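Below is one structure, written out as structure tokens, with a few remarks after it.
It should be emphasised that the depicted structure is a prediction, and the values quoted were computed from it without experimental measurement. Note that these values count all heavy atoms, side chains included, but never hydrogens, waters or copies made by symmetry.
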Amino acid sequence: MGSVWSRLGSEVTVIEYNNAIGAGMDGEIAKATQKFLTKQGLKFNLGAKVTKGVREGDVVKIEYEDTKKGKTVALEADVLLVAVGRRPYTAGLNAEAIGLEFDNKNRVVIDSEYKTKFDHIRCIGDVTFGAMLAHKAEEEGIAAVEYIKNGHGHVNYGNIPSVMYSHPEVAWVGQSEEQLKEAGIKYNVGKFPFIANSRAKTNNDTEGFVKFLADSETQRVLGVHIIGPNAGEMIAEAGLALEYGASTEDISRVCHAHPTLSEAFKEAAMDTFGKPINF
């Protein structure tokens, strides 16, 4: 929303408690995204803990603690948009009255087949575990019905795409570099910039790049991170690759139409083994 308001002419300041934007984003992608948004005019105060937000007339007075410098900073704004995450909304469901169990985050407790403590009541989506994303809930709904009808269902929680609808758009699926390092998995990185893609140049929309993370021995795709035009659409091809255990060589051998933005996807896959064509 900050990106939208900035492009509409507002002066936008982001106050973020963490030391990086984009929770769950690959670190390199987060830094690049902040760089692009800063160039658009957004201001970022990271490591900032908001302690006060009060409207006085037409002005919102805000105070935050700079956690690095240990000092309190005050600023004024016309509007304060609070975006500190989501929580389950169970009001009106009458869940407590029938005895459903909740965890310490007020989420409905379920088993691996989405059953609550009552076998005939199943629960999916934002009121239970996992990312609060519509497409994740949709997959769970299908799986829950499959369990009821057939006794088996499937959702691959390691393959749920995320999209940030800023400009440039950001999308990712699978693991980040930070996660792979923590797990001790050896990997190769492949990248391809949109500035070298003919369709992006024709559209005059060249910010960003496609980034692949692949197993260093098998080339199996482990994660894909895209910042740039059409990222939210392009990430679907990455999800397909992850779901079926494709390698970056598999992707490189698929003919991608020219001129399209998806060529950058193919080139980034080829870069994981050092063979991009156009860069």
Item to check | Remaining members of hydrophobic cluster (4.5 Å side-chain criterion), Y244 | outcome: L240
Checklist entry - Given side chains that start at C-beta, do those of M270 and I277 come closer than 4.5 Å, heavy atoms only? => result yes
Checklist entry - Would you say the side chains of T248 and T272 form a donor-acceptor pair under 3.5 Å? => result yes
Next on the checklist: Does N150, at its CG atom, have more than 12 non-hydrogen atoms belonging to other residues, nucleotides or ligands within less than 6.0 Å?
Outcome noted: yes
Next on the checklist: A quick test of your reading: do over 12 heavy atoms of other residues, nucleotides or ligands sit less than 6.0 Å from OH of Y89?
Outcome noted: no
Checklist entry - Under a 4.5 Å cut-off applied to non-hydrogen side-chain atoms, are E207 and K39 in contact? => result yes
Item to check | Sub-4.5 Å side-chain heavy-atom contact between I21 and F44 | outcome: yes
Item to check | Under 3.5 Å donor-acceptor, D103 side chain and V109 backbone | outcome: no
Item to check | Residue E96 excluded, over 12 heavy atoms near CD under 6.0 Å | outcome: yes
Checklist entry - For L261, which fellow cluster members are found when Ile, Leu, Val, Met, Phe, Trp and Tyr are connected by side-chain heavy-atom distances below 4.5 angstrom, either directly or through intermediates? => result V173, F194, V210, F212, V221, V224, I226, M234, I235, L242, I251, F265
Item to check | Smallest separation among heavy atoms of A48 and T67, with atom names | outcome: N-OG1, 4.4 Å
Next on the checklist: Under a 3.5 Å threshold, yes or no: a donor from one side chain and an acceptor from the other, between Y157 and E140?
Outcome noted: yes
Checklist entry - Quick one: are T116 and E101 in side-chain contact, heavy atoms under 4.5 Å? => result no
Checklist entry - Would you call R86-D126 a salt bridge at under 4.0 Å N-O? => result no
Checklist outcome for this item: Interatomic distance, NE2@H167 vs CZ@R7, rounded to 0.5 Å, equals 6.5 Å
Checklist entry - Heavy atoms, side chains only, cut-off 4.5 Å: are P259 and K201 in contact? => result no
Next on the checklist: Counting only heavy atoms from other residues, nucleotides and ligands, does the tally under 6.0 Å from CD of E63 exceed 12?
Outcome noted: yes
Checklist entry - Is the closest side-chain heavy-atom distance between K52 and V54 below 4.5 Å? => result yes
Checklist entry - Step by step, would you call Q175 with Y187 a side chain to side chain contact (heavy atoms under 4.5 Å, CB included)? => result CA-CA 11 Å; Q175 295 174 285; Y187 63 93; over 6 Å; no
Checklist entry - Are M1 and L8 linked, directly or through other ILVMFWY residues, by side chains that come within less than 4.5 angstrom of each other? => result yes
Checklist entry - Would you say the side-chain atoms of D111 pair up with the backbone N or O of E113, donor to acceptor, closer than 3.5 Å? => result yes
Checklist entry - Do F36 and V170 have side chains that get closer than 4.5 Å, going by heavy atoms? => result no
Checklist entry - Can you name the nearest heavy-atom pair linking V155 to A143, along with the distance? => result CG2-CB, 3.8 Å
Next on the checklist: Just to verify, which of T128, I121, V127 counts as forming a side-chain contact (heavy atoms from CB on, under 4.5 Å) with I110?
Outcome noted: T128
Checklist entry - For V82, what residues pass the side-chain contact (heavy atoms from CB on, under 4.5 Å) criterion, not counting sequence neighbours? => result L80, V84
Next on the checklist: Hydrophobic clusters here meaning ILVMFWY residues chained together by side-chain heavy-atom distances under 4.5 Å, can you tell me if F209 and F273 are in one?
Outcome noted: no
Checklist entry - Which distance, rounded to the nearest 0.5 Å, do you find between the NE2 of H256 and the CD of E237? => result 3.5 Å
Checklist entry - Would you say W5 and L81 make side-chain contact, with heavy atoms under 4.5 Å? => result no
Checklist outcome for this item: What one should report as the nearest heavy-atom pair of K117 and L100 is CD-CA, 4.3 Å
Checklist entry - Would you say V59 and L75 are hydrophobically clustered, going by side-chain heavy atoms of ILVMFWY under 4.5 Å? => result no
